[in-house]
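In what follows, a structure is listed as structure tokens, so that the remarks can point back to it.
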Number of protein chains: 2
Amino acid sequence: MPTTQAAKDEIVDRLFAVFRERGFEGASLADLSRATGLGKSSLYHHFPEGKEQMAKAVLERAAAVIDSQILGPAQAAGSLKTRIRKIVGTFDQMYAGGTTPCILGQLSSADIGAEARQNLGQALAHWIEAIEKLARDGGVSPVKARHFAEDWVARVQGALVLQAATGEIGPYRRAMNALLDLSKDSAAGAQD
Amino acid sequence: MPTTQAAKDEIVDRLFAVFRERGFEGASLADLSRATGLGKSSLYHHFPEGKEQMAKAVLERAAAVIDSQILGPAQAAGSLKTRIRKIVGTFDQMYAGGTTPCILGQLSSADIGAEARQNLGQALAHWIEAIEKLARDGGVSPVKARHFAEDWVARVQGALVLQAATGEIGPYRRAMNALLDLSKDSAAGAQD
DNA sequence: GTCTATAATAGGATAGAC
DNA sequence: GTCTATCCTATTATAGAC
């Protein structure tokens with residue numbers, strides 16, 4: 001593999017952006033070629049199985065980012081408030097303050113193949129796990145923390161849908177605030 | 001217009017189902033032709049501007065359904081509890097108990113043209129308005145009712161995204177329960 | 001590892017008969 | 001109002017030179 005990992009990562013990043021904006025069916029090879037600066041044939045050199053393999057790589061990357069930027073920080077040492085602030089900052093970057101779609105939502109109902117679908121599921125599962133950890137550390141009971149996490153992730157996904165449809169970012173902002181509230185709630189500092 | 005309105009409605013319903021399951025780019029003319037039982041040329045007879053016009057018709061229908069089945073009942077006479085129960089029942093039908101995508105979410109980031117996009121925005125706006133009314137009748141302050149409504153609609157949209165990705169319907173069910181809770185909350189029967 | 005060129009096919013759309 | 005036949009373009013994908 002003469003190509004450096006960094007160069008490959010760069011390619012995947014560009015593909016990531018296209019799939020995120022246009023979805024799977026909406027992203028043509030011409031789009032992907034333009035975004036990466038590579039000819040179609042070069043794309044097939046890197047991804048012999050075509051678009052499905054590109055989507056798989058993009059979702060692998062998404063899962064890796066969630067593990068390192070969300071789940072990792074959620075489980076790290078430090079005060080709950082500090083961890084949550086860091087994570088909210090990461091979301092704001094990922095979603096450009098709530099103005100950019102989520103790759104997971106965009107590909108959630110597309111024909112991306114079984115392997116890519118598994119990456120998608122894992123990324124979502126780890127995201128939920130991270131929020132669940134934060135809620136538990138905020139003193140929420142195990143069952144409620146699990147539900148809070150699932151519901152909060154749904155809320156973010158939906159907020160991004162509303163943004164795409166109407167341009168409004170209020171729902172996204174309030175979702176982020178609801179996460180920040182975890183460090184202010186209930187019987188102060190229950191577990192942390 | 002020799003075609004009966006009922007027949008046209010039937011066609012739009014079939015198109016509706018295809019766009020809902022496959023999205024705009026994912027729905028090919030072949031898919032739409034198969035689902036309606038009409039040849040491509042017949043589809044163009046009904047919708048001379050092609051797919052965009054079909055999407056527009058489908059979203060007009062979605063807006064009409066929301067007006068008559070959600071916003072209407074929300075503003076109707078009757079106890080808050082009864083109205084909410086009826087509306088939740090309608091959602092459960094629309095989304096097959098949370099197992100079917102929402103046409104509004106599916107088309108929210110697609111290239112559907114300005115007119116169709118306006119129908120989409122109106123459908124969402126009326127949906128939010130309906131929930132806002134319910135929240136107000138449940139005794140929630142105006143500002144909070146507005147936020148509750150936007151956030152709840154986002155939550156439902158996101159719950160359907162999660163369902164598509166993972167098959168889980170818990171988030172959808174809990175969202176419906178959160179609406180039902182409006183008639184159980186706070187200073188009993190504040191406004192209703 | 002990237003390119004130009006070229007298939008091969010699917011997709012959107014139209015013409016014209018019935 | 002629907003059909004068959006056809007068109008044209010975009011799209012996915014491959015071959016082979018550099």
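We name chains A, B, ... by the order of the sequence lines, and we start the count at 1 in each one.
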[X] [atom1] to [N] [atom2], straight-line distance once rounded to whole Å:
{"X": "His45(A)", "N": "dG1(C)", "atom1": "NE2", "atom2": "C1'", "value": "5 Å"}
{"X": "Phe24(A)", "N": "dT11(D)", "atom1": "CZ", "atom2": "C1'", "value": "13 Å"}
{"X": "Glu25(B)", "N": "dA10(C)", "atom1": "CD", "atom2": "C1'", "value": "16 Å"}
{"X": "Leu29(B)", "N": "dA10(D)", "atom1": "CG", "atom2": "P", "value": "16 Å"}
{"X": "Arg34(B)", "N": "dA10(C)", "atom1": "CZ", "atom2": "C1'", "value": "12 Å"}
{"X": "Lys8(A)", "N": "dG1(C)", "atom1": "NZ", "atom2": "P", "value": "8 Å"}
{"X": "Ile11(B)", "N": "dG1(D)", "atom1": "CD1", "atom2": "P", "value": "9 Å"}
{"X": "Gln53(B)", "N": "dA13(C)", "atom1": "CD", "atom2": "P", "value": "11 Å"}

query = So what does Gly26(B) hit on the nucleic acid, given a heavy-atom distance under 4.0 Å: a base, only sugar-phosphate, or nothing?
reply = nothing
task = Remember a base hit wins even if backbone is also touched, and classify Ala7(B) as base, sugar-phosphate or nothing at under 4.0 Å, heavy atoms.
result = nothing
inquiry  = In terms of relative ring orientation, are Trp152(B) and Phe91(B) parallel, tilted or perpendicular, with 30° and 60° separating the classes?
reply    = tilted
So if I take every side-chain heavy atom of [X] and compare against [options], which nucleotide ends up nearest?
{"X": "Tyr44(B)", "options": "dC3(C), dT14(C), dT11(D)", "answer": "dT14(C)"}
{"X": "Ser28(B)", "options": "dT12(D), dT2(C), dG11(C)", "answer": "dG11(C)"}
{"X": "Leu38(A)", "options": "dG12(C), dC3(C), dT2(D)", "answer": "dC3(C)"}

Any side-chain N or O of [X] under 4.0 Å from OP1/OP2 of [N]?
{"X": "Ser42(B)", "N": "dC3(D)", "value": "yes"}
{"X": "His46(A)", "N": "dT2(C)", "value": "yes"}
{"X": "Lys40(B)", "N": "dA13(C)", "value": "no"}

inquiry  = Assess, by modelled atom type and distance only, whether the side chains of Gln106(A) and Ser109(B) contain a donor and an acceptor separated by less than 3.5 Å.
reply    = yes
key: Side chains of Asp92(B) and Tyr172(B), donor plus acceptor under 3.5 Å   =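 Per modelled atom types, Asp92(B) and Tyr172(B) side chains form a pair under 3.5 Å.
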ask   = Can you find a donor-acceptor pair, distance only, under 3.5 Å between Ser41(A) side chain and dA13(D) base?
value = no
ask   = Would a 4.5 Å heavy-atom cut-off, applied to side chains only, mark Arg155(B) and Arg174(B) as touching?
value = yes
Salt-bridge contact Glu150(B)-Arg146(B) (side-chain N to carboxylate O under 4.0 Å) = yes
